[in-house]
2 protein chains.
Amino acid sequence: MKKTSPTIRDVAAAAGVSVATVSKYTNGSQRFSAPVEAKLKSAIESLGYRSNPLARSMITGETRTIGLAILDIRNPHFTNIVKGANRIALQNDYTLLLVDTEESQARERPLIEALAQRVDGMIVSSRMPDDSVQWMLELHKPVVLFGRNPNFPIPSVGTDSYLAAYMLARHLVNQGHRQFAYLGFGQSRWNDERIRGVQACLDEQGLTATVYDAAAPSPQAGERACSAIMLGPQRPDAVICYNDLIALGFIKEARALGFALPQDVSIAGFDNVPYGEYASPALTTVDLQSERMGELAMLKLIDALAGKSDSEYSLLEPRLVVRESTPRRAGAPHSDSTPEGRANPPRGGTSR
Amino acid sequence: MKKTSPTIRDVAAAAGVSVATVSKYTNGSQRFSAPVEAKLKSAIESLGYRSNPLARSMITGETRTIGLAILDIRNPHFTNIVKGANRIALQNDYTLLLVDTEESQARERPLIEALAQRVDGMIVSSRMPDDSVQWMLELHKPVVLFGRNPNFPIPSVGTDSYLAAYMLARHLVNQGHRQFAYLGFGQSRWNDERIRGVQACLDEQGLTATVYDAAAPSPQAGERACSAIMLGPQRPDAVICYNDLIALGFIKEARALGFALPQDVSIAGFDNVPYGEYASPALTTVDLQSERMGELAMLKLIDALAGKSDSEYSLLEPRLVVRESTPRRAGAPHSDSTPEGRANPPRGGTSR
DNA sequence: ATGAAAGCGCTAACAA
DNA sequence: TTGTTAGCGCTTTCAT
């Protein structure tokens, strides 16, 4: 067993042809005479030759690799994005290079810069402030972002968080809730939109929401935040959480504090992660189409790589998923008066 | 803005030195005179030069990239592996190249072969039969596997599934269960060990388990399998599932069928995924240290890359996590007679 | 401490 | 259809 892999020259020698011929053969970029083709085939076979993609990339300038930077692979929302992106990548003969920045703003930039050099393009999910994204434009590589950036014209995809939040609030209002709390995650770029969506809906009803902030987008942070909300002076009858993970933690802790769920309080989240369904009570949420977001981002990037410059910002439609955690309360309007499905909220600031 | 990035030659020209000097400077492989260093620094700065890692890799033969092939990024068990592996990689200045084979045996091999060419080493989680792993040895790259392979001496890591299963069965027996079902996943390389662990424990008590098989390691498959088990002639009072995901689905469906949990039946799984804790009843499971597995695999690979050939197979210790889904039944032995913590089962076939 | 030159494995004109 | 040749951007002896 050789230590070093055979090169194109070894094949050329073994087959008695030139290296150019071998190159053309492996790239299928030409037809060959029968004897040459046979020799090539057997030489490659017997040597176990495989073309070195690095050498190839150096010349062609393309690696057929896409970099994906995400905040935390453990969050099912991001997992779904990876899944979707990976599927499209594979279909187009690309490989995914993943980097998990672990919610660390400090790591983000150096990691992304390093990654960008080894790939044809990048898909980035970041918590960096909108205006410090400038440097990404200097990567000299196509980039697709999650979340719309108001300052730079970078292709991006997202789900309409304003609408999602509006829908969720509307549902809760229709179910007869009156005391709202919003447990957000201020570091996320979606948080403001969600607050605005909730407030816009509540305003119309003459209601308000008390806003709290979680330390992280995780169940642990949801647990942590629970008692201050549930045992404070303004006990809500409905809590809208920044995401399902926070909601899951909140539910668990609320129970530990002695509350009966969903009787005492309704809880809802965003993302529709796969495990909300298995919680008890099963979690009401808004499906943000995470997997589709990943697919779309990859599609956009591949288009950009092919020179087809696509529309700047693609917005996906959220879908309300009603489960057990948000039951009907006493004093709810008649069910036929404003069914959620018919609610027709105005579009928020994210739409043109 | 230039279309093409500056090369080492541009820097050399700008700084008035040779390319060799620039190379040595960027690699920090030498000391320089003050004036040269200053020129170099400013030239690199003003041109925005970044060394091309592809060209570098072609010569040095190392990419500082590790390939990780997993079966399904959506499964939290694998997510944790990725997390652990990624952390160690980053610490050692490696980047993770991820490929999700989507539980498809057909895709596995070509994907892994393609990936292996672009990386320094591979970590592979596979469902391929033990004896068709031969070709991985022909990758000419260090490989670390999950799960011990009896036929080939490949470095690998795993958790002692036999012991894990034994512990879980022992716990259930101690809690007074008598009618056992094991809902496995036959395609997994761990399944047999788990069956043996359960059976070894039950044998000692003169008990048996009815063995079922799920179609996939997913909640949906758990739901699917539930009615045949719970409504069949041999209704169990304890169901051990191949993993937590299957268990979660099983719980949901059992409830939908009208069973009260955990009163009517106890459910347990393996992996200790983060969401078992938020289910209701909270899921009893065995922590297999998924994240640690990822870390260890990466550590082993990095050792192998450094020439330090490590022990062949590293076995992690499982830990029982008792939660609400496996309560005490009538007729359980006195709690002080055989506390689980003291149970001292014999080691199974996986140990030396 | 610095530079000249020879490639790494491959592709892409251009010739034959 | 096949071969010759000149690099891609960089590292690495080996001189100086």
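Residue numbers start from 1 in every chain, and the chains themselves are labelled A, B, ... in the order their sequence lines are given, proteins ahead of strands.
Separating the CE atom of M58(A) from the C1' atom of dC8(C) is a distance of 8 Å, rounded to the nearest angstrom. Here dC10(C) presents its P atom at 10 Å from CG of L54(A), a figure rounded to the nearest Å. Rounded to an integer number of Å, the gap from Y25(B) OH to dG3(C) C1' is 18 Å. Rounded to whole Å, atom P of dC10(C) lies 13 Å from atom CZ of R118(B). In this structure, K39(A) atom NZ and dT2(D) atom P are separated by 11 Å, rounded to whole Å. One interatomic measurement links the two molecules: CD of Q117(B) to P of dC8(C), which rounds to 19 Å at whole-angstrom precision. One atom, CD of E62(A), and another, C1' of dC10(C), lie 14 Å apart when rounded to the nearest Å.
In this structure a side-chain-to-backbone donor-acceptor pair under 3.5 Å is present from N92(B) to I88(B).
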Requested in this report: Would you give a per-nucleotide map of nucleotides 10-16 of chain D, 5' to 3', where B means the base has a protein non-hydrogen atom under 4.0 Å away, S means only the sugar-phosphate does, and - means neither?
Outcome: BBB----
Report task. Might you work through the salt bridge (Lys or Arg N to Asp or Glu O under 4.0 Å) test for K141(A) and D120(A), ending with a clear yes or no? Result -> CA-CA 7 Å; K141(A) 297 274 167 82; D120(A) 293 346; over 6 Å; no
Query raised in the report: Could you go step by step and tell me if S290(B) and H77(B) meet the side-chain hydrogen bond (donor to acceptor under 3.5 Å, both in side chains) rule?
Result: CA-CA 6 Å; S290(B) 319; H77(B) 169 62; 2.9 Å; yes
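Under the 3.5 Å distance criterion, with hydrogens and angles disregarded, no donor-acceptor pair is assigned to the side chains of T101(A) and S104(A). Between the side chains of S126(A) and E108(A), a donor-acceptor pair is found at a separation under 3.5 Å.
Look at K83(B) and D72(A) and you find a salt bridge, because one of the NZ, NE, NH1 or NH2 atoms lies within 4.0 Å of a carboxylate O, short of that distance.
Considering only side-chain N and O atoms, S33(A) lies under 4.0 angstrom from the phosphate OP1 or OP2 of dT2(D).
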